[in-house]
Amino acid sequence: MFKPIHSTLRGKGFVKFGKATNFLLRAYVVVGVMVSWSRVALTVVVIALVITALMMIIIRFKPHASVVSLRLSGSCTFSSVASPALPYGVPPSPSYMLLSNWVNMSILVSTGFPIFGLSKSGALVTMPTSIRWLLVDGVGLVNVSLYVDNIGNVHGSYLTLNNTLIVNGTNGWLEFMVPPYTGLVFIVQNSTAPLTYVIEASGNYTYSSVSGGVAIVGEPNITVYSPSSSIAVSMVGKVVQVVVKSTGFSYLELAIDAKPINLTQALAINGERVKSWLLRSRKPNLEGCLLDEYYLSLLLIKDSQNPLIGGFAASPEPIYLYTWVRDSSFDAMALQDAGHYESAARYWLWMAKVQNFSGVWFTRYSFFNGKPDHGYGIPEYDSIGLFQIGVYQYYQLTRNKTLIMQLLPALNRSLSWEYRWIMSSGLIPQDLSIWEDLYAYNFWTQAMDLDGLLASYRLYGELGLNNTWILNMINRLNETLQRYFYIGGCYVRALRPSEVFYKGKTQVTLVPVSATYDSSVILPIDYGLINPLSSRAINAVDCVINNLWDSRVGGLARYSGDVYHYAAYLYDSSGEEPPWVITTLFLALYYEEVGNNTAALNLLNWTVNHSEYGLLPEAIDPNYGNPLPSTSPLVWSASMYVIDALNYNNQTSVGG
């Protein structure tokens, strides 16, 4: 998996704009053939005018599914599973999504789709269709919001392979678009009723009228442009309020420190740049919906990265709108595995920058400014191993020694911290680990950090640096892990110290916290903890499958008795132990490592079939199989899918 293999994407219609655009392109070709070369100049002008007129006519009267960017790239149409037992009149859709220009601006969109499951009563909590905030380089969070009124009840939303967000309401549809590398935000509408947009800018802003819109003057400068709409502007206290009213087919544009362009130009720029970025991705050995899912997941990851500092949001849903170091490390590994090295490098550099002086990290950081959340989930030490694994993978893929030397001080600090603990106690200290609900010597942390030490040992050796001290840590930690955690053919979830009276003396030993089985034990095996074909690995994986596989809807639960999503805080599951997407993909990756491609492919299909129109959730309902909406989409789910997709039927391995 570390070896860079660049494939060329093939196939017609990889990214489609819909039937209207395809019709226009075909018309252009036909007309172009009919004219003689002596009249090319005149023909180009005429065709441009005809295309513009036809586009406005066709788009105005065609339904949404035939007009704007479709949710398919070939013959695949993503679906979403509805549950008859829960109050979904329609299949679940994302309630929040991030869109980014990939360089210096990001927006959070509330689709208006109701969020179910934020209280035990099952109350629906709905935010209106809106742009909740704007993040701009040099300014940070901008006090500007945009609300859409009268779109009606939102019954669906999804991300397209053109990286646009579709919102379907009873009164029409909206398409949100942020063309890459521009300062532009577009909202395209096609409505059967008048829509009202209210844009409010709070703070030190003034305004002036411009042709087709209003210029909001401040930091940043924002031009509200909607040439075919009614626009009114006023000052409400210290707030500039712009009200835009539109009917039928129209568009609204926000130009942030930029000059507005027309919709036709924006569609062309967006389509070309998104397609170009996707074409630079390594192509997995997958086809159809599974390949579409790979590209859609890459777009979700890319949009979820803060373009200013490099961290990733765990999810656009507000309760997860933070940069978890663990989740983000997998996001960066997925991007670099796909060939997008610059995005990954930005994250590893950020991670080195925010490392504590001791050599460890906080659990999560602000998505907006990268500052640590001092009060959450402390301590968690799996980030140490993930940093080491990710940096070594980056080096194997790029051989970029310059970047590695920039990261080397952070690697040294993390290894020195581990050395002090491992050589004195044989273990990484107790922490809250992957699931953040059990303070103990967690297998996940010990094993992922051991995988990190293996990666560091190889990296230091390839750099010509002394690595014998790292090997000493590997041997010591591995001896403790294999001795205490493997019990009765299974790796236990966690251990705690316990005092026992033996031969007249009180001694401290390590004992299992409970008989709880945990599916997270699989991924460290995937990453090289032990030979995946060894009897110990086979027994450990079988132990997880036999105890945590959901026979009703498929998928692996996290651990025995898991009530997350079935408690007062999150209550969108109809029962305990909902299967999680990442844990199921841990198993798929294991099947890939041992050469069972049929089983791996089945789990990749299972993942796509339990998505929200291609956006992968955190978990699914254990009885009905619908995506659990309160934490969907989960970016780590998308990252694990990308990692699995690239490892499928491949000769390389995630473990090096």
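All figures in this text were calculated on a predicted structure; none of them were measured in a lab.
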May I ask you to test the V103-P180 pair for a side-chain heavy-atom distance under 4.5 Å?
no

Under 4.5 Å between any side-chain heavy atoms of L195 and L174, yes or no?
yes

Are the side chain of S157 and the backbone N or O of I166 linked by a donor-acceptor pair below 3.5 Å?
no

How about D303 and W102: does a side-chain donor come under 3.5 Å of a side-chain acceptor?
yes

Is the count of non-hydrogen atoms from other residues, nucleotides or ligands lying under 6.0 Å from N369 atom CG greater than 12?
yes

Tell me yes or no: between the side chains of T170 and H155, is some donor less than 3.5 Å from an acceptor?
no

Between S315 and T631: side-chain donor-acceptor atoms closer than 3.5 Å
no

Check whether the side chains of Y571 and S630 place a donor and an acceptor atom closer than 3.5 Å, and report yes or no.
no

Closest non-hydrogen contact found for T160 with L299 is O-CD1, 3.8 Å

Exactly one of T223, I216, L146 clears side-chain contact (heavy atoms from CB on, under 4.5 Å) with L254, and that residue is L146

Could you tell me how the ring of F330 sits relative to the ring of W636: parallel (under 30°), tilted (30 to 60°) or perpendicular (over 60°)?
parallel

N101 and T182 side chains, donor-acceptor separation under 3.5 Å:
no

Hey, what's the ring geometry for W277 with H340, parallel, tilted or perpendicular (30° and 60° as the breaks)?
parallel

Please work out which of the three classes, parallel, tilted or perpendicular, describes the rings of Y158 and Y613, given edges at 30° and 60°.
tilted

Quick one: CD1 on I582 to CG on D327, what's the gap to the nearest 0.5 Å?
7.5 Å

Between the side chains of S297 and E293, is a donor N or O closer than 3.5 angstrom to an acceptor N or O?
yes

